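Only one structure is covered here, and it is reproduced in the block below.
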Amino acid sequence: MNTTKISYKKPLLETPFHERTSEHCYSNDWYRWAGYKVAKEYSSTELEYTSMRNTAGVIDITPMHKYDIKGEDAKNFINKLITKDISNIQSNQVAYGIWCNEDGMVIDDGTIFCFNENHFRIFCAERNLNWFSDTGTGFNVTIEDISSSIAALAFQGPLSCKILNLLQVKNIENLKPFHFDSYKIEHHNVIISRTGFSGDLGYEIWCDPSQAIDVWDNLFKFNRDYKVLAAGMNALDMVRIEAGFIQPNADFMSAEQALRPNRMRNPYELGLGWLVNLDKEYFTGKQALIRHKEKGPEKKLVGLDVEGDKPAVGSVLYDNSKKNIAKEIGIVTAAMWSPVLKSNIAIGFVNKEYYKLGSNVYAEIYHPEELDYRKIWAECKVVKKQFFNNPRRNAIPAFI
Amino acid sequence: MKNFDVIIIGAGHNGLAAASYLSKKGKKVLVVEKNQNVGGLAEYSDSLNCVSPIIKKELNINVTNVDKTTHIVSLEDNQNHTVLEDNNGKLSFLKTNAEEEDQQKFLSIINNYKLFSKTLGSFMFQQPPRVKSGKKSDLFQLISMGWKIRKLGKKNMRELLRIIGLNIADDLEDNLSNNNLMGLLSHEAVLGTNLGPRSPGSILTLLYKQATNNNIFNLKKIEVAEYIKQLEDCCNKNMVEIIKSSEVKKILTQNNSVTGVQLTNGEVFESKYLMSNADPKTTYLNLLGAEILDTDFIRRVKNFRNKGNVAKLELVLENEININNIDKNMYGKFIYAPNIKYIEHAFNANKYNKYSDNPCLEFYVNQNTISANVYYVPYLLNSHHEENKIIKRCVSILSKFIPEMKIAKQELTTPNKMEEKFNIGGGHWHHGDLEIDQLLMMRPFYGSSQYSTPINGLYLCSAGTHPGGGLTGINGLNAAKKVIEELK
C-alpha cells in the first residue's frame, strides 16, 4: 500500500536543517511543531541553555508560520489586525504586536517585518491564515502563507554578534534592536533581524532552504574558541521564561482555539496593555477593549519569585500561609529554577487583589522525589515578569 | 451640504414604511433610491403579499384585501389535477382524485400547521428579544414566547416541538398517500428557500411563511402597486424628500458612528441616523466597508446565506390560454410540483449550483399572459444562465397542460438579474434564507439583531432583518421605532 498518499500516516516533516539537527540530536527526542519535527533536547537541556546565556545557541525555528502581506493596503491591513498603531513604522523595522478577536481576547502574537509600505511579513507561532484572510476582506492586499519557503534559525547569546562579525557579516553590530536588513553569510544572501526570545543579545537568521545547511555550518565555524551549541525547545523554553515572554496555548489559550469562553484572555490580563492603542481609529476588538480597560482585569499574568528551589510547575496559588484556611487565587502557567539568576521563578495568573507588585501569595508545589511527591507550601512574591533583561540586549553597537 | 434627522437608503416598501413612520413623528427624512421608481422588489411579489394590520393602523394605509384568486390548482402529468378553494381561510376540494381519507387528512394537517403558525405569528410582528441583553423587556418577551408554546397544551406542544426541526417530506409521508397533495404542500414549504422537501427545517419555513402571510397558500390578496402608491403618498404628505435614480456609494462614518452618506455623483448628505434598506451583505461589505468592522463580524456577514434560487418567467402568448381539464372558473394559482421526488430531484441540481432540467413552477394566468416563478434556478457567482434553455424547459412543461402555445414575448429574470436590477446581493427574495439559524433574534446574524448594527446610528430595515421578506412592512416599522427610541 502506498502510505505517502494517506496524510495522517505521513511522518512529521523534516526542516531544511534536519541533516544537521539529526546529527546533533543525541537523544533523538523530537518536538512536534506545525507538522515539523524539531529537537526537544539535543543532549542536555542545561548545557544548551548555558550556551545561550554564555556564548551562543542555535535554534531551528523553521516551523514558525510566515505570512507575506503585499498590496497598497498592506499597512492599513496590519493596522486593522493588530492592537498597536504602526502608522509610523519605517522600512527595515520590526514591530511586535498582538491581535484580538471582537471580544478583545488575544488570538496570537507575532513579529511584523516592514519591507516597505506595501510589503509586510508576519511571523507567528500559530496558524493564522484564516484569520488574516477574513481580516483582509475589503482591503487591497494579498495574503500568502510562505512558511515552507524560508528556513529560519534563532542565534541567541552574548557572543552571537561577535561570531557573526567573525563571519564577516558587515556592520552587523550596528543593527538596532527590532530592525532587520539583508546581509551575506559567506556568499549566501540572508535576512538577519535583531530579535529573539532570550532577553539577551540575539539574532534571527532567515534564508532560502537550499542554503540552510551552509548557513548552519558557518555558525559553528569558530567552535574551537566559542563553543556554540545547537539548542532544543526545552532550552528555549527556559530562556523565554527568564525573559518573561509568554506563549499562546501555554500561558494563555488563543481565542481562536479556546473552547471555553472563560479561558480566553484580554491583553490587560496578560500584562500586554502597552501594546493596545485605543486612540487608533479602528482595529478588531477596539470597542471591547475600551470596555475591558475601563473595567480593569479580573486576573493578571505576573512574575513570581518563589521560595526554595523546587520549581512550581503547574501549581495552584493560594492567599494564605495557613494551608487549612487558604483560598485559591490563581495558577502557575510556567515555572523553573533559573540557573543564571539563582532563583526559583514562575509566571502565573493571580486574582485582582494580588497583582500589585510585592504582594504575597502561596504556591502548593508537588515535587516528585523518587516515586513520591513532596508537597511544599511556598511563599511567592509578585514581581515583574521580565526576570532577565541584560543591557546587552539593546546596546548599540552590539557587544562584540 | 444638507442635513437630515434620518437618511434611508433604498425606497423599497420597508424603506417607505420607515420613512412614513419617522416623518409622521416629525422627523426630517431623506430617502435615496437607485431606481427610477420606488417600491423595489414589491412589484415582483405575486405570491407574498399580506400587509400587516399594524402597518395599516399606524400609517393609515387603506389597502383592502381583494380576493382575486381563491383557487389553487395542482397540476399533474396525467391531467388529474387537484383544485382547492380557499374560502376565507376555509379550504375545500373542488376536484381531486385523492381518496376521501387522504382529503380529510390533508385538511387536518393544514389545520394543525395553522394552529402552530398562529403561535409563531404572535412573535412575528414584534421586535425579537435579545438573549443576554439583561433588559427586562427582552426577558419578558422570551418568557411570553415560551408561554405561548406551552399554552398549546401538552399534546400540541409536543407535536410542534417534534416537527419544528423536521423535513416536510417525512411528515407528509407519515400521513398521506396521494403524491399530488404531498407535492403541493412541499412546494409551499420550499419555494423561495434553499431547501428541498427532505431538508431539515422545511416545515419551519412553511409555518413561518404562513405566520407572516396569514395564509398557507399565499394567495394574491392586495394590489401591490396601490399599496406602494399609498406609502409614497404618505411620505410626500409628511415632507419626506425622496431622491430617485441616485445611488449611495458609501456610508460615511467617524469614530464608529454614522455621519452621513455619499452618492455616486459625489453629493454628500449629513445625518447622525441612517437606515439601510439594502440587504445586510450589501450594506456591510459594499456600503459601509469591511475595513471598519471586526473580523469575527465580517465572518458572520460572509456566512449569511443569501443565494436566491427562484427565477421569474413572463410569457405573452398570441392566443388565449386554455388549460387542459380545468374549467375557466377554476383558474387561480397553478402549481406544477407533482410529487416530493420531483421537487427533491430539482433541488439536487441546486446543491451543485446547477439548474434543474425539470424545474418546478408556480404561475398565474391572465388571458394571454403567464407569470411564473421557476425554481430551482440558483444564483450563479462565476457563470451565466443559459436563459433560452431554461425558458425552453419551462415551455415544454407548460405545453403539457396548455395545448396551444404561440409565444409572442418571453422574459426570464434570474436571481443574477434581480441582483442587478434591485441591488439585492444574491438575488434572494428574503435577502437571506429563512432558516432556523437566521430567524428571530438571530436574523440576520449575531451582533446585528434587533435592527441595530455595530456602528452607532446605523440601522437595518430590509427583509434581511426580522421577520424576513414579504410585504408586511414590519421590518421598516420596527426599525423606525427603534430609531425614534434612540432619537429621544
Side-chain angles (χ1 to χ4, degrees), chain A residues 67 69 71-83 87 97-108 122 128-141 143 254-258 261-262 264 266 276-292, chain B residues 130-135 248-260 262 276 278-306 381 425-426 442 444-450 452-459 486:
Chain A
Y67 300 98
I69 317 290
E72 59 178 78
D73 280 340
K75 198 181 205 175
N76 294 336
F77 165 82
I78 303 278
N79 252 339
K80 179 189 174 174
L81 176 75
I82 66 170
T83 56
S87 304
I98 50 170
W99 43 99
C100 297
N101 68 8
E102 63 175 347
D103 299 320
M105 298 304 179
V106 180
I107 293 172
D108 199 357
I122 306 179
N128 276 291
L129 186 62
N130 200 331
W131 184 258
F132 292 169
S133 305
D134 287 337
T135 303
T137 309
F139 289 102
N140 188 1
V141 286
I143 297 152
S254 161
E256 275 287 90
Q257 290 170 39
N262 65 354
M264 301 177 189
N266 68 48
V276 182
N277 184 347
L278 292 175
D279 297 331
K280 190 162 72 167
E281 163 98 37
Y282 182 74
F283 59 89
T284 296
K286 180 177 169 183
Q287 297 306 322
L289 285 170
I290 291 173
R291 290 194 299 273
H292 285 313
Chain B
R130 213 176 226 184
V131 190
K132 279 174 100 174
S133 74
K135 276 190 199 161
V248 171
K249 187 182 173 199
K250 199 92 197 149
I251 295 172
L252 305 174
T253 60
Q254 204 171 27
N255 274 336
N256 215 40
S257 300
V258 166
T259 59
Q262 187 186 18
S276 174
D279 69 290
K281 261 190 180 169
T282 306
T283 305
Y284 286 122
L285 298 182
N286 302 351
L287 298 177
L288 193 60
E291 57 279 9
I292 58 162
L293 292 165
D294 285 351
T295 304
D296 311 62
F297 191 80
I298 292 298
R299 279 185 175 171
R300 290 195 288 272
V301 175
K302 283 175 149 183
N303 292 344
F304 184 58
R305 298 187 303 281
N306 71 335
L381 199 59
M442 266 115 61
F445 30 78
Y446 170 71
S448 183
S449 54
Q450 281 190 336
S452 61
T453 69
I455 306 294
N456 299 325
L458 178 64
Y459 295 84
E486 293 292 319

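From a predicted model like this one, the values you see are computed outputs, not experimental measurements. Just so it is clear: chains get the letters A, B, ... in the order the sequence lines come, proteins before strands, and each one is counted from 1.
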A:F283 portion near chain B, given a 4.5 angstrom heavy-atom threshold
backbone
For the candidates B:G289, B:A290, B:P454, which exhibits the highest count of non-hydrogen atom pairs separated by less than 4.5 Å from chain A?
B:A290
Using a plain distance cut of 3.5 Å, could you tabulate donor-acceptor pairs between chain B and chain A?
residue, atom, partner, partner atom, Å
B:A290, O, A:K80, NZ, 3.0
B:L293, O, A:K80, NZ, 2.6
B:L293, O, A:Y282, OH, 3.3
B:D294, N, A:Y282, OH, 2.8
B:D294, OD1, A:Y282, OH, 2.2
B:D294, OD1, A:G285, N, 3.2
B:T295, N, A:T284, OG1, 3.3
B:T295, OG1, A:T135, OG1, 2.9
B:T295, OG1, A:T284, OG1, 3.1
B:D296, OD1, A:E102, N, 2.9
B:R299, NE, A:D134, OD2, 2.6
B:R299, NH1, A:E256, OE1, 3.4
B:R299, NH1, A:E256, OE2, 3.2
B:R299, NH2, A:E256, OE2, 3.3
B:R300, NH1, A:E102, OE2, 3.0
B:R300, NH2, A:E102, OE1, 3.1
B:R300, NH2, A:E102, OE2, 3.1
B:K302, NZ, A:T137, OG1, 2.9

